[in-house]
Protein chains: 2
Amino acid sequence: MGYSIKTIAQKSGLSQYTLRYYEREGVLPVVARDEHGNRCFHDEDLELISLICCLKDTGMPIAEIKQFIALSREGVEALPDQRKLLQAHKLQIDEKIKFFQSFAQKIEHKIAYFASLERAAQEQAARK
Amino acid sequence: MGYSIKTIAQKSGLSQYTLRYYEREGVLPVVARDEHGNRCFHDEDLELISLICCLKDTGMPIAEIKQFIALSREGVEALPDQRKLLQAHKLQIDEKIKFFQSFAQKIEHKIAYFASLERAAQEQAARK
DNA sequence: TATTGACTTACACCTAACTCTAAGGTCTAA
DNA sequence: TTAGACCTTAGAGTTAGGTGTAAGTCAATA
């Protein structure tokens, strides 16, 4: 029982290389091994990986994810610190969403501007 | 007349190193020089830099920005290609916004979960 | 029983995007 | 007329985040 690294790579979308790298670096807690020394992932691991991907994909650097995971090892004591870390990151995501929305608008304006230039060029060509 | 690289660095938030690097790499069109060979930026440059930052900050890799800038040199002919490039990127930004929003929610749930664990731990402690 | 395939570790290598250094030119103010 | 601030280029170095290789173990299969 437990999933192989291959399975987890498929389920998580991370490569086997990346999974090993994350474990080495402490981005993932050390994964259990079976009787052959092979990694043996469980559902909790999978869930944690999903959270880690979520943090990573929203721009949290690996060093910070590492901190978060390190806090996990300290148990109940560290819960407030973990929560604060997540809250701070949540604010950053919200900021990013706002930036992205304004950038999207800016690019949209640019697109409209290009379209108007194209029309002008066509009319210019037609007039000849 | 025209702005020095220092001024542009301040106005754009990019370092002088980065501005030179961008020009070398073709991320910026070659900038005009004054009689001493010093870069002499104009308002159009500043505006283009602002667009470039916008593309970069929304995740467009430099190689793609380079393509966009290369199209600029082809004049009116290339307008539709430039517009399509922007439109494709706009879609990606919209996708990203959706991802970020769902991630933000996920993290929010996690925060609530951590808060509930904290309350449970406090009650546990009080009961002793 | 030999080979195939999945896994292990340790360590080297890669890419993107900067960032800095060296060596030098020019201008300005004291 | 020299010190300091600014600029130039060419090229080396750095950082983050992987990605790949080498050498070996183990278990199932032809």
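Chain A is the first sequence line, chain B the second, and so forth, proteins listed ahead of strands; every chain is numbered from 1.
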For a quick check under 3.5 Å, do B/S50 and A/K106 share a side-chain donor-acceptor pair by atom type? yes
Is any side-chain nitrogen or oxygen of A/H36 closer than 4.0 Å to OP1 or OP2 of D/dA27? yes
Gap between atoms CD and P, on B/E35 and D/dC7 respectively (whole Å): 14 Å
Would you say A/R33 reaches D/dT25's phosphate, i.e. side-chain N/O to OP1/OP2 under 4.0 Å? no
The side chain of B/N38 is closest to which nucleotide in this list: D/dT8, C/dC7, D/dT19? D/dT8
Would you call A/R20 and A/E23 a salt bridge, taking side-chain N to carboxylate O under 4.0 Å as the test? no
How close or far is atom C1' of C/dA17 from atom CG of B/L28, stated in whole angstroms? 14 Å
Against the side chain of A/I62, the closest entry in D/dG17, C/dA17, D/dT8 is D/dG17
B/P61 has a side chain; which of C/dA17, D/dT9, C/dC7 sits nearest to it? C/dA17
For A/F100 and B/F100, take the angle between the two ring planes, folded into 0 to 90°, and tell me which bin it lands in: parallel under 30, tilted 30 to 60, perpendicular over 60. parallel
In whole Å, what is the span from the NZ atom of B/K6 to the P atom of D/dG4? 16 Å
Looking at C/dC20, D/dT19, D/dC7, which one has an atom nearest to any side-chain atom of B/Y17? C/dC20
On DNA chain D, nearest-nucleotide positions of B/E23 versus A/S15: which is more 5'? B/E23
Less than 4.0 angstrom between a side-chain N/O of A/T18 and OP1 or OP2 of D/dT19, yes or no? yes
Short side-chain N/O contact from A/S4 to OP1 or OP2 of C/dC7, under 4.0 Å: yes
Below 4.0 angstrom, N of the basic side chain to O of the carboxylate: do A/K90 and A/D94 qualify? yes
Specify the separation, in whole Å, of atom CD1 of A/I8 and atom P of C/dT8. 12 Å
Any idea which of D/dG18, C/dT9, D/dC7 is nearest the A/R39 side chain? C/dT9
B/D34 CG to C/dT26 P, straight-line distance once rounded to whole Å: 12 Å
Nucleotide of C/dA17, D/dG11, D/dT19 approaching B/Y21 most closely (side-chain heavy atoms): C/dA17
Could you tell me whether the side chains of B/Y3 and B/D45 share a donor-acceptor contact shorter than 3.5 Å? no
For atom NZ of A/K56 and atom P of D/dG17, their distance in whole Å: 10 Å
Counting side-chain heavy atoms from C-beta on, which of C/dT9, C/dC18, D/dC7 comes nearest to A/R20? C/dT9
From the options D/dG18, C/dC7, D/dC7, select the nucleotide whose nearest atom is closest to the side chain of A/Y22. D/dG18
Give a yes or no on whether the backbone of A/F68 and the side-chain of A/Q82 come within a donor-acceptor separation of less than 3.5 Å. yes
Given C/dC18, C/dC7, D/dT19, the nucleotide with the shortest approach to the side chain of A/R24: D/dT19
Considering only side-chain heavy atoms of A/Q16, which listed nucleotide, C/dC7, D/dC6, C/dC18, is closest? C/dC7
Could you state the atom-to-atom distance from CD1 of B/I5 to C1' of C/dT19 in whole Å? 13 Å
Tell me what B/E25 touches on the nucleic acid: a base, only sugar-phosphate, or nothing, going by heavy atoms under 4.0 Å. nothing
